[in-house]
Structure formats: structure tokens, C-alpha cells
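Since the structure comes first, as C-alpha cells, the remarks are kept for the end.
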Amino acid sequence: MDALTLFFNGASVVTILIAAFGALKMNRRNLLLGTFLYSLLPVIGESNQFHATGDYGNLITAVAFLCAAIITFPNRITYSSENQAAVKLAQKIGLSVIVLNVLQGYVIMKVRTDVPIQFAYAHLTLALIFVYVIIKSKSGDFKMN
């Protein structure tokens with residue numbers, strides 16, 4: 001295992017733990033921070049692969065995760081659950097993060113041979129964190145800070 005893979009493994013674990021902590025403690029800022037930082041990892045890895053191989057699939061994946069990083073950038077805007085427009089927007093953002101990470105997990109497991117399988121599990125774990133958050137927000141007893 002090379003140094004870059006070790007870096008991505010460690011960074012994946014740390015960023016997913018930050019997101020999971022945010023979901024469990026109902027802290028929107030930590031959830032978004034972990035997701036934002038995690039979304040930057042595929043941008044770095046896939047752009048590196050694009051420069052090495054010239055495969056536009058890598059570039060498309062990097063751009064998709066750059067979009068995910070943009071929409072999950074943690075900001076200081078506060079809103080309550082009474083603001084239904086903000087709640088619906090947050091749910092749509094969560095759904096887009098779920099879809100992107102499930103698709104990427106599938107691609108890594110079934111299509112790509114150049115990416116270690118643990119990164120597929122990391123993508124699927126992040127998707128599950130957002131499934132948890134959306135289910136808890138629909139139940140009404142989940143108030144994000």
C-alpha cells in the first residue's frame with residue numbers, strides 16, 4: 001500500500017467519523033463538515049487519475065464530487081424546522097449525496113478495478129449516514145442544530 005492510499009484511507013475514516021458524529025449529535029455543522037471534506041477526497045483522487053490516464057470518466061467523477069462539496073459546504077446560516085423551504089432543501093441535498101455515493105460505491109465495486117474496495121464501503125457508509133438523517137428528520141423528533 002502506497003502513501004497516497006494510506007492518506008486516503010485515514011482521511012476517509014476521519015471525515016466519515018465527523019459526519020457520523022454530526023448525525024448522531026444532531027449537529028448540522030459537523031455533518032456538513034465531514035461530508036464536505038469527504039467529497040474533496042474523490043476530487044483529489046479522480047483528478048490525479050485523470051492527469052495520469054486522460055480518462056474523462058475520472059474527470060466527470062471529480063466534477064460530480066466537486067458539486068457535492070459545494071452543496072454541502074458548511075455555512076453559518078441558521079434555520080429552524082419551522083422553515084419548511086429550508087427543510088425541504090436540506091432533504092434534497094441529502095438525497096443527492098445519497099444517490100451520488102451509492103452510485104460511486106457501486107461503480108467502485110463492480111466497474112473500477114483500479115480503486116481499492118474499502119473506498120466503496122466508505123461511500124456506502126456516508127450514504128447510510130444521510131439515510132439515517134433523512135429518516136430521523138421525517139420522524140419529527142430530530143432537530144438539527
Side-chain angles (χ1 to χ4, degrees), residues 4-5 7-51 53-145:
L4 192 59
T5 304
F7 166 75
F8 280 115
N9 281 333
S12 294
V13 169
V14 169
T15 56
I16 288 173
L17 286 175
I18 293 170
F21 176 77
L24 292 174
K25 293 296 183 179
M26 298 178 278
N27 186 304
R28 181 179 59 95
R29 189 156 174 82
N30 284 338
L31 174 67
L32 292 177
L33 177 64
T35 306
F36 168 74
L37 293 173
Y38 182 77
S39 296
L40 292 178
L41 296 175
V43 172
I44 296 166
E46 294 296 325
S47 61
N48 188 27
Q49 278 297 108
F50 172 70
H51 289 299
T53 64
D55 182 10
Y56 282 98
N58 298 116
L59 184 61
I60 292 168
T61 303
V63 169
F65 277 96
L66 182 60
C67 292
I70 290 169
I71 65 172
T72 60
F73 184 78
N75 53 28
R76 295 188 186 268
I77 298 172
T78 58
Y79 55 87
S80 65
S81 60
E82 288 80 33
N83 185 347
Q84 289 301 311
V87 170
K88 293 293 183 190
L89 180 62
Q91 289 172 348
K92 289 178 183 179
I93 289 170
L95 184 60
S96 67
V97 170
I98 291 168
V99 169
L100 179 63
N101 281 288
V102 167
L103 287 175
Q104 187 63 19
Y106 174 80
V107 166
I108 292 172
M109 287 178 155
K110 299 294 181 182
V111 179
R112 304 267 311 256
T113 58
D114 60 333
V115 180
I117 195 75
Q118 66 263 26
F119 298 121
Y121 298 136
H123 284 288
L124 295 176
T125 302
L126 188 63
L128 284 175
I129 290 169
F130 272 84
V131 167
Y132 169 78
V133 169
I134 288 177
I135 289 172
K136 290 297 278 184
S137 71
K138 293 277 190 187
S139 70
D141 63 343
F142 189 79
K143 305 286 188 223
M144 288 294 265
N145 297 329

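In terms of heavy-atom proximity, S39 sits nearest to T72 at OG-OG1, 4.5 Å. The two atoms that bring T5 and P116 nearest to each other are CG2-CG, 4.4 Å, heavy atoms only. Residues F8 and I44 come closest through the heavy atom pair CZ-CG2, 3.8 Å. Taking all atoms of both residues into account, the shortest heavy-atom contact from Y132 to A23 is CE2-O, 3.7 Å. Taking each heavy atom of A19 and L31 in turn, the nearest pair found is O-CD1, 3.5 Å.
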Q118 and N9: CA distance, side-chain angles, deciding distance, side chain to side chain donor-acceptor pair (under 3.5 Å) verdict: CA-CA 8 Å; Q118 66 263 26; N9 281 333; 3.0 Å; yes

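Side-chain contact check for Y38 versus I18: every heavy-atom pair is 4.5 Å or farther apart. Proximity of L41 to S12: side-chain heavy atoms (C-beta onward) are separated by under 4.5 Å at one or more points. Between D55 and N58, some side-chain heavy-atom pair lies under the 4.5 Å cut-off.
Atom OG1 of T35 and atom CD1 of I129 lie 7.0 Å apart (nearest 0.5 Å). Of the inter-residue distances, the one linking I60 atom CD1 with F50 atom CZ reads 9.5 Å to the nearest 0.5 angstrom.
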For residues 91-112, which side-chain N or O atoms pair as donor and acceptor with protein atoms under 3.5 Å away, sequence neighbours left out?
residue: S96; atom: OG; partner: I93; partner atom: O; Å: 2.7
residue: N101; atom: OD1; partner: H123; partner atom: ND1; Å: 2.7
residue: N101; atom: ND2; partner: V97; partner atom: O; Å: 2.9
residue: R112; atom: NE; partner: D114; partner atom: OD1; Å: 2.9
residue: R112; atom: NH1; partner: E46; partner atom: OE1; Å: 3.1
residue: R112; atom: NH1; partner: E46; partner atom: OE2; Å: 3.1
residue: R112; atom: NH2; partner: D114; partner atom: OD1; Å: 3.4
residue: R112; atom: NH2; partner: D114; partner atom: OD2; Å: 3.1

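Taking the side chain to side chain contact (heavy atoms under 4.5 Å, CB included) definition, one finds that P74 meets it with R29, L32, L33, F36, sequence neighbours left out.
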